[in-house]
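Just below is one structure, and these are the notes that go with it.
Atom set for the values below is all heavy atoms of this structure, side chains included, hydrogens, waters and symmetry mates excluded.
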Amino acid sequence: TLLIGYSLENIEASIDSLKITTLYFCLLFFMAGVVASVIIGHLITRDIRALDRTIKAISDGHGELRVEIMSTDEIGQLGNAFNQMLDNLDKTHHELIEYSKKLKKHNQELDQFSYVVSHDLKAPLRAIYKLSEWIQEDIGENASEETKNNMKLLRGRVSRLEALINGLLEYAKIGRTNIVSESTDVRIVLNDVIDLLNPPERFKITIAEKLPVFNTKKILLQQVFINLISNAIKYNDKPEARITIGAEDAGNFYKFTVEDNGIGIDAAFHEKVFVIFQTLNARDKIESTGVGLSIIKKSIEDIGGSIHLESEVGKGTKFTFLWPRESFTEYLINKKIQYNGGINYAKAS
């Protein structure tokens, strides 16, 4: 019998030593991985954090700051683009400041001009008007018909010039005056306008049954109706003159119409009537400054609306304009405020 023996103690000791070595190696490798990931993550997010800090600083009012870019990758390109955008915005900001200063100066000059026009020019015109009356009174019955006509013509020219100056001042003020919105009942506005214009007895003015009550710049809307209705009265030669005023809901706008059966406007002049100082009739025949419709168009467009006309010679004119509605409409719906009733208005002189 042959017996062979071998001790496993050395092998087990080697295995235990290998386990410990492997454990240390794994721990070391793990730590190295953690450190490497932290370093790489820091390098990757460095530009992103810089971009985030710059954005927060700019939002706090430090508009002079820029992103410090360390890399040339996509994040670096984004940072460079952001810096370029800030430079362009800064340049635009300074240009706007300069433009605002110039605009303020021009507005001051315009205000000064308006003051000069209102006082220094209109005062002599009134003096000329009164002087012509005094001269005619002094001449009395000795004045010839030609002299009387010339004096009348002179006063007419003075009145026209004063009306033209007033129109220019109104035109210049559109968009410059901060008009506060207020609750506006269109029916009340129209009734006030008609009472103010006092149309002759031959006019029959019909107002739509449904007219809105909403929040808007009441003075501007009133001015538009004054000009349109006064034109409908002025340019109507029919023995039975009619003016019809309508309104309807057009989504974000109210669509108003002012229609008459007057002399009408040739299609070739539909755009011309909105140009300042343009009139379709001789001023000696029908007194006009040529400013009224220009004021209407500018007022409506300034508030965000639009206007156009439909007309044929001898068949009357229809003006249609869109007027924006505002948040007060929702208030009316919530409060269940209904539209007003209708009216058939015939004003006696």
Side-chain angles (χ1 to χ4, degrees), residues 100 103-104 107-108 110-111 114-115 118 163 166-199 205-233 243-259 274 276 291-309 319-345 347:
S100 177
L103 185 61
K104 184 177 180 180
N107 284 337
Q108 290 174 347
L110 186 57
D111 290 336
S114 300
Y115 178 83
S118 298
N166 291 332
L168 283 173
L169 293 176
E170 290 295 326
Y171 189 84
K173 282 192 284 186
I174 296 175
R176 297 177 60 246
T177 305
N178 185 21
I179 301 176
V180 179
S181 296
E182 57 183 301
S183 176
T184 302
D185 187 330
V186 178
R187 183 167 305 283
I188 295 177
V189 170
L190 286 173
N191 288 336
D192 290 343
V193 168
I194 293 170
D195 286 336
L196 175 67
L197 296 176
N198 191 25
I205 300 179
T206 303
I207 301 177
E209 293 184 359
K210 293 184 178 180
L211 291 175
V213 180
F214 66 115
N215 200 48
T216 189
K217 296 181 179 180
K218 179 179 178 180
I219 296 177
L220 287 182
L221 183 61
Q222 186 179 48
Q223 186 68 33
V224 170
F225 277 123
I226 287 175
N227 279 279
L228 290 178
I229 297 175
S230 64
N231 282 345
I233 296 172
I243 299 175
T244 303
I245 303 170
E248 62 181 87
D249 194 332
N252 294 327
F253 297 86
Y254 287 114
K255 183 167 73 172
F256 296 102
T257 57
V258 178
E259 186 174 4
F274 293 108
I276 193 169
V291 179
L293 288 178
S294 301
I295 292 177
I296 290 176
K297 182 177 176 65
K298 190 173 181 181
S299 298
I300 293 175
E301 291 180 350
D302 183 70
I303 204 172
S306 61
I307 183 172
H308 75 278
L309 69 88
F319 284 94
T320 302
F321 66 93
L322 295 176
W323 194 270
R325 56 194 298 171
E326 296 184 9
S327 59
F328 190 71
T329 305
E330 298 178 1
Y331 171 80
L332 297 178
I333 295 175
N334 294 333
K335 294 295 184 180
K336 298 181 180 180
I337 299 178
Q338 303 296 325
Y339 288 112
N340 295 329
I343 183 172
N344 192 332
Y345 194 101
K347 176 67 178 176

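- At distances below 3.5 Å, at least one donor-acceptor pair connects side-chain atoms of R187 with backbone N or O atoms of A208.
- The OG1 atom of T184 lies 6.5 Å from the CG atom of N215; values are rounded to the nearest 0.5 Å.
- Between N252 atom CG and L322 atom CG the span is 10.5 Å, to the nearest 0.5 Å.
- Nearest approach of Y254 to R325, heavy atoms of both residues: OH-NH2, 3.4 Å.
- Residues passing the salt bridge (Lys or Arg N to Asp or Glu O under 4.0 Å) test with E182: none are found, sequence neighbours excluded.
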For I205 and L190, run side-chain contact (heavy atoms from CB on, under 4.5 Å): C-alpha distance rounded to whole Å, both residues' side-chain angles, the deciding distance at 0.1 Å, then the answer. CA-CA 10 Å; I205 300 179; L190 286 173; over 6 Å; no

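- Summarising the geometry, atom CD1 belonging to I245 is positioned 13.0 Å from atom CZ belonging to F319; distances are rounded to the nearest 0.5 Å.
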Show your reasoning for whether side-chain contact (heavy atoms from CB on, under 4.5 Å) applies to L228 and F256. CA-CA 11 Å; L228 290 178; F256 296 102; over 6 Å; no

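- Under 4.0 Å is where a charged nitrogen must lie from a carboxylate oxygen, and between K210 and D249 no such pair does.
- Only one option out of V213, T216, L221 pairs with V186 in a side-chain contact (heavy atoms from CB on, under 4.5 Å); it is L221.
- Atoms OG and CZ, on S181 and F214 in that order, are 9.5 Å from each other to the nearest 0.5 Å.
- With rounding to the nearest 0.5 angstrom, the CD atom of E301 is 9.0 Å from the CD1 atom of I307.
- When all heavy atoms of I300 and S306 are compared, the closest pair comes out as CG2-N, 3.3 Å.
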Are Q222 and I226 close enough, and set up right, to give a side-chain contact (heavy atoms from CB on, under 4.5 Å), and what steps lead you there? CA-CA 6 Å; Q222 186 179 48; I226 287 175; 4.1 Å; yes

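- Proximity of the aromatic rings of F225 and F321 is defined here by a centroid distance below 6.0 angstrom, and this criterion is met.
- Here the options are T206, I207, I233, I194, the test is side-chain contact (heavy atoms from CB on, under 4.5 Å), and the partner is I243; only I233 passes.
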